[in-house]
Amino acid sequence: MTHRNIVTIDGGSAEYWRQRKLGFLLIREAEWALSRLNRAPMYLHGGYDENGDVIAIENLRPYADMEDAIRAIEANETAVSILVAQRRTKIGDYELKAVIRELKDRDRD
């Protein structure tokens with residue numbers, strides 16, 4: 001027998017709408033992080049060395065922000081459920097492992 005996790009929804013409760021709003025906000029923040037990642041320069045100017053050559057510093061902050069945004073989504077059950085309903089397994093090139101797992105579990109049932 002298949003065990004199903006049945007979730008009851010009280011669409012009139014303030015808590016339900018707070019969770020939904022947070023879930024969509026986390027998804028939107030990941031989309032913003034992806035947009036910043038796509039526009040960000042690959043290197044930052046770090047000054048000059050003794051020969052007058054530019055010292056380039058890799059700009060890793062946009063990558064870290066994107067990874068933080070993906071982790072925040074995967075830690076939020078509501079955000080994952082929204083993306084599962086959309087069957088959306090990626091934001092940009094970043095896979096959402098929690099969504100993929102949930103979709104595989106549903107397809108097995």
Side-chain angles (χ1 to χ4, degrees):
M1 184 169 150
T2 303
H3 174 69
R4 297 189 188 269
N5 184 15
I6 298 174
V7 177
T8 57
I9 298 172
D10 181 4
S13 78
E15 179 62 19
Y16 169 80
W17 289 108
R18 187 191 68 73
Q19 289 175 3
R20 300 293 290 179
K21 187 175 180 180
L22 176 60
F24 279 107
L25 177 66
L26 291 172
I27 294 166
R28 185 65 190 130
E29 285 177 353
E31 293 168 342
W32 284 328
L34 178 65
S35 174
R36 287 190 307 271
L37 176 64
N38 290 334
R39 291 188 325 258
M42 188 175 285
Y43 295 99
L44 303 173
H45 183 337
Y48 297 95
D49 65 9
E50 63 277 352
N51 298 324
D53 295 327
V54 174
I55 300 171
I57 298 173
E58 281 187 90
N59 186 13
L60 300 176
R61 183 79 252 160
Y63 294 95
D65 290 345
M66 186 65 193
E67 290 168 4
D68 289 346
I70 295 297
R71 274 194 295 276
I73 287 173
E74 291 189 336
N76 185 283
E77 186 177 326
T78 303
V80 170
S81 72
I82 291 166
L83 293 168
V84 166
Q86 296 174 351
R87 301 190 72 78
R88 188 171 171 194
T89 59
K90 287 183 170 185
I91 295 180
D93 290 335
Y94 289 80
E95 286 188 342
L96 299 156
K97 291 176 179 47
V99 175
I100 293 168
R101 275 192 308 273
E102 184 66 29
L103 286 171
K104 283 182 181 177
D105 288 347
R106 287 185 180 192
D107 289 343
R108 256 187 274 149
D109 291 340

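K97 contributes atom NZ, which lies 11.0 Å from atom CZ of R71 (distance to the nearest 0.5 angstrom). Taken to the nearest 0.5 Å, the CG atom of L44 stands 6.5 Å off from the CD1 atom of I57. Annotation: the span from L60 atom CG to Y43 atom OH amounts to 9.5 Å, rounded to 0.5 Å.
Environment of CG in D49: crowded, with over 12 heavy atoms of neighbouring residues, nucleotides or ligands closer than 6.0 Å.
When each of T89, L103, D105 is paired with V84, the side-chain contact (heavy atoms from CB on, under 4.5 Å) condition holds for L103 and for no other.
In this structure the side chain of V99 never reaches within 4.5 angstrom of the side chain of Q86, judged on heavy atoms. Counting heavy atoms from C-beta outward, I73 and Y94 have side chains that stay 4.5 Å or more apart. Inter-residue side-chain proximity for T78 and L22 is flagged as unmet; no heavy-atom pair is nearer than 4.5 Å. Put simply, the side chain of L96 reaches to within 4.5 Å of the side chain of E74, judged on heavy atoms. Within the 4.5 Å cutoff, the side chain of Y48 has heavy atoms near those of the V54 side chain. For the pair E95/I70, no side-chain contact is recorded, criterion being any heavy-atom separation below 4.5 Å from C-beta on.
Nearest heavy-atom pair, N59 versus A40, reported as atom, atom and distance to 0.1 Å: ND2-CB, 3.8 Å. Between A79 and I27, the shortest heavy-atom distance links the atoms O-CD1, 3.9 Å. Between P62 and L37, the closest heavy-atom pair is CB-CD1, 3.7 Å.
Listed by first and then second residue, the side chain to side chain donor-acceptor pair (under 3.5 Å) pairs that reach into residues 21-37 are R28-E31, E31-R88, S35-R39, sequence neighbours excluded.
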Quiz item: Where do K104 and D107 land on the salt bridge (Lys or Arg N to Asp or Glu O under 4.0 Å) test, with the steps shown first?
Solution: CA-CA 5 Å; K104 283 182 181 177; D107 289 343; over 6 Å; no
Practice problem: Show the numbers, then the answer: is there a side-chain contact (heavy atoms from CB on, under 4.5 Å) between M66 and I91? | Solution: CA-CA 10 Å; M66 186 65 193; I91 295 180; 3.7 Å; yes
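Under the 3.5 Å distance criterion, the side-chain polar atoms of D65 are left unmatched by any main-chain donor or acceptor of A33.
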